[in-house]
Amino acid sequence: MDFLSDFLTGFVKQLQSPTLGFLIGGMVAASLGSRLAIPDAVYKFIVFMLLMKVGLTGGQEIRNANLVEMLLPALFAVVTGILIVFLGRYTLCKLPHVKMEDGLATAGLFGAVSGSTFAAALTLLETEQIPYEAWSAALYPFMDIPALVTAIVLASIYTNKQEYRSKREYYGEQGIVAEGYPSKQPERVKVWPIVQESLQGSALSALLLGLVLGLATQPESVYTTFYDPLFRGLLSVLMLIMGMEAWARLNELRKVAHWYTVYSVVAPLFHGLIAFGFGMIAHYLTGFSLGGVVVLAVMAASSSDISGPPTLRAGIPAANPSAYIGASTAVGTPVAIALAIPLYIGLAQALTGGG
Amino acid sequence: MDFLSDFLTGFVKQLQSPTLGFLIGGMVAASLGSRLAIPDAVYKFIVFMLLMKVGLTGGQEIRNANLVEMLLPALFAVVTGILIVFLGRYTLCKLPHVKMEDGLATAGLFGAVSGSTFAAALTLLETEQIPYEAWSAALYPFMDIPALVTAIVLASIYTNKQEYRSKREYYGEQGIVAEGYPSKQPERVKVWPIVQESLQGSALSALLLGLVLGLATQPESVYTTFYDPLFRGLLSVLMLIMGMEAWARLNELRKVAHWYTVYSVVAPLFHGLIAFGFGMIAHYLTGFSLGGVVVLAVMAASSSDISGPPTLRAGIPAANPSAYIGASTAVGTPVAIALAIPLYIGLAQALTGGG
Amino acid sequence: MDFLSDFLTGFVKQLQSPTLGFLIGGMVAASLGSRLAIPDAVYKFIVFMLLMKVGLTGGQEIRNANLVEMLLPALFAVVTGILIVFLGRYTLCKLPHVKMEDGLATAGLFGAVSGSTFAAALTLLETEQIPYEAWSAALYPFMDIPALVTAIVLASIYTNKQEYRSKREYYGEQGIVAEGYPSKQPERVKVWPIVQESLQGSALSALLLGLVLGLATQPESVYTTFYDPLFRGLLSVLMLIMGMEAWARLNELRKVAHWYTVYSVVAPLFHGLIAFGFGMIAHYLTGFSLGGVVVLAVMAASSSDISGPPTLRAGIPAANPSAYIGASTAVGTPVAIALAIPLYIGLAQALTGGG
């Protein structure tokens, strides 16, 4: 009962948050035929600003972290981020009527990390007086970026295969060979050029540039006066744009909406448990605190509503924002906050009592 | 004497305020042949930001406001908006060589509200520490939309009559009936599609979207960190753009008619006084604050330079944009900002002194 | 040894500063094939914002300064700014493989003033308890603007001459006369239209408009909430853009790089000594403080990394940013901070002790 009321409270709060509010506002405006439009140049700059900020945050946090202690948890964060996307690739994407690009973008978003969910968990850990490593905040980019990169790379591989297939159907096997395409298996798509292509894309290169600048320089003066304070506001404008776009593509989603809802409820809890297991391995091997284990689990349970959408919008342009943002923001985040956080804290407390 | 010195002080303050300072600066720069230009994408985004902020402010305040209190001022706003257009219909449009469509479009623009003039008035009220109902920002659409709709409807009626007359002259009464035209009343213009068209325009839909988001969600976190702090600065940039544009259009206006200049100087002050009178009725009946009366008067005095022109261009295609935009932006707005605002604030202060 | 370690420390600090960090980040991203791009409309608006802010700062500082006392130092600032550019014109620009436009832009940047170098000097003067006139900050635009204008005007004259020569080669002397071109000397280029042209350009007119608005109006409310706080952040974005562009043009620089390095090391120290000499004249004639003399010298030693690049980019579009920004930001600024500031403070202290 408490769980249900917590969930409902969290859900209503999310609906009133600027993030979801502007998203829905954009959808409503578009549904009423509004000719409101944000110029494309402004949209591109907003995406740059958001990704640069996320990158700078991650870079600064890694710079101030203890790198040796961080090693194993960071490795587990990377593995979890990648694993979540592959799980989505072979569950959500296999469901009837779920388009591959939409499913991969959704899995990428659920693999990426939500700053606000994460902050809620840290607050609760402090309230419950469960100690955790201060540098665990710096694990953020180790899960976030691999998840997004994996989703984008898998989507690129899929798109390349589709193009290969349609070419083969059109020209026949012979024609493709004549044109210099690989003749045997379409699976023989070279992965590295696609990874490189993804990393050179405007979205990931802004994110990685921010990460490097946060690591190698001292950007605090521009971070605290510019990138950080403008973040929420620019995010609200982006949400508006995405809402308007989501409306235009909502019809496609209606066929599969129930599958996204099922995934959005089950996935956060399951992803968090995987990360909790990895965290326990680090706990026994290197003394990673149980509070840190909870932090890692909540990262996996959370689905990005901030860094993810702009990255995916630029990285997987064919995916429908109303699928991945709807799944993540409307269902995934409330589930993560109201169900996942208390679950892992409860687990940690049970384990503390035992050992 | 006090009134005159208040007025002069207000006038000098206005000249030094960023709002008018940047407007005049833009005009001076353009007059000296400066090639300074703000990109169109940035201009459109600034307009969006300003209208969204005004809408959010209104929405947040309506959320906290007594809706019953708003009723009478809102009614007066609607009446003033419609009245201004009818006044223009029977003054400006009757002057020699003034075309009906041009005159109606101009009257529509002077009945509509300028977000920036209005913002300048709110800023000055805050500087002078004159309290006003924050929900008075929400009166904006109540005057703006009726004025634009009335102008477009009157122009449509006029055009229909003209067509009807020229058809009747050409075919005779019989021919028109045979062609299926309504034989009795040419006034059968459909009002609702015109209202819908106005509301779907980018300007009004940004404003109304902000209003709804301010009402239905809790946008305080983005409002206080983004929309509100950036407002004054973005307004200064908009003023600069408008100053440059006003200078370029000043020449166009000379060709059209000197009557527009007379109208553009007299109308804002007179329209504002009408609304001031209505506001005083609300002041005595329901305790509407004197600051609110000034807001209502400035709304009436202001002529739209953002939402109006595109709406009118679509709604009254026969009207010459250089007449109504030139009259409004080059003369009406400076008169409203430099003369009307200090005039009504001076009046309000004189009345506050008296009781 | 102390000099050397100070220099190295300053150099490393510069490398980590957001200004240089984002510049290098942009170069690295471009070198790795990133498709990151900031829309042109945003770039233009950022330039406008930065120049408007620099202008407003200058205008506000002059407004609050004692104009009579300022007269002689201001005159010397103007003379120094112009002199530095002419020095560059007849030294750097005469070196082999140095293109005239690149050399003039570099000299203009070294004549212009760096806000951050300048702020570092004021901080150090306060630490060393050397008194200086508070209005000496207002000398900034008196050196900055003349240097930039001189560089742009000299570049325009050079470009006009080149066009004249190529025309004469093509048509012969007769053809030019027939077309109404001056027949005798290509040096007879009228300077005033070029000065006017320069001042009407988007960059300088934004700077001068800001100066006038800072002087004649009271822009504090938009300055402190908008132009000033956004300055550093927008600068970082601009540096990123310039870094990406610099990379694309780096090959050209390699031919001449060694001359730019020599100039960038020698020029700041020499320019500062010239201004120190002028300052000592003002010291003996009108009692200009020795602290003020140091301020003037540091202004001359500093090379602009803020107002200069955008002004020059708009004013001398043919010049290679990798030449002038590389020379100024990567070498000139560390030399000015690590060598020039302690040098002039040491000189001032020696003179205070002696007389």
Side-chain angles (χ1 to χ4, degrees), chain B residues 11-46 49-50 53 116 119-120 122-124 126-127 224-241 243-244 247 337-338, chain C residues 38-53 55-56 59-60 63 152 192-231 233-234 237 310-311 314-315 317:
Chain B
F11 186 74
V12 170
K13 256 189 196 162
Q14 270 301 111
L15 281 176
Q16 289 197 321
S17 77
T19 307
L20 199 61
F22 277 78
L23 184 80
I24 293 171
M27 291 178 79
V28 169
S31 74
L32 295 172
S34 166
R35 292 187 303 280
L36 180 66
I38 307 294
D40 192 55
V42 173
Y43 162 73
K44 281 181 180 149
F45 183 61
I46 289 174
M49 286 286 295
L50 297 180
K53 190 265 178 184
S116 41
L122 296 188
T123 308
L124 198 58
E126 270 153 30
T127 310
T224 55
T225 61
F226 190 65
Y227 294 98
D228 192 41
L230 290 177
F231 188 68
R232 280 164 180 272
L234 292 174
L235 184 66
S236 75
V237 180
L238 184 71
M239 284 293 133
L240 196 63
I241 299 172
M244 292 186 289
W247 180 260
I337 293 176
Chain C
I38 307 293
D40 191 57
V42 173
Y43 161 72
K44 281 182 179 147
F45 184 60
I46 289 174
V47 169
F48 162 80
M49 287 286 295
L50 297 181
L51 295 176
M52 178 56 72
K53 190 266 177 183
L56 286 171
Q60 286 169 290
R63 174 151 52 88
I152 293 169
W192 179 239
I194 296 166
V195 174
Q196 200 186 3
E197 179 85 1
S198 304
L199 294 173
Q200 286 175 343
S202 61
L204 276 182
S205 60
L207 194 70
L208 294 173
L209 183 58
L211 201 70
V212 170
L213 287 171
L215 257 171
T217 72
Q218 293 181 327
E220 280 79 1
S221 63
V222 291
Y223 181 80
T224 55
T225 61
F226 189 66
Y227 293 98
D228 192 41
L230 290 176
F231 188 68
L234 292 174
V237 180
T311 309

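Every chain is numbered from 1 and lettered A, B, ... according to where its sequence line falls, protein lines coming before strand lines.
- In this structure, chain B has a heavy atom under 4.5 Å from the side chain of C:Leu230, while its backbone stays farther away.
- By the side chain to side chain contact (heavy atoms under 4.5 Å, CB included) test, C:Val212 pairs with no residue at all, sequence neighbours left out.
- With a 4.5 Å cut-off on side-chain heavy atoms, B:Leu50 and B:Ile46 count as touching.
- No side-chain heavy atom of C:Pro219 sits under 4.5 Å from any side-chain heavy atom of C:Tyr227.
- Interface remark: B:Val28 contributes no atoms to any contact with chain C (heavy atom separation under 4.5 Å).
- Of the two parts of B:Phe231, neither the backbone nor the side chain holds a non-hydrogen atom closer than 4.5 Å to a non-hydrogen atom of chain C.
- Within the structure, salt bridge (charged side-chain N to carboxylate O under 4.0 Å, His left out) pairs that include any residue of residues 219-231 of chain C comprise C:Lys53-C:Asp228, C:Arg63-C:Glu220 (at least two apart or interchain).
- Residue B:Leu240 touches chain C through its side chain alone, counting heavy-atom pairs closer than 4.5 Å.
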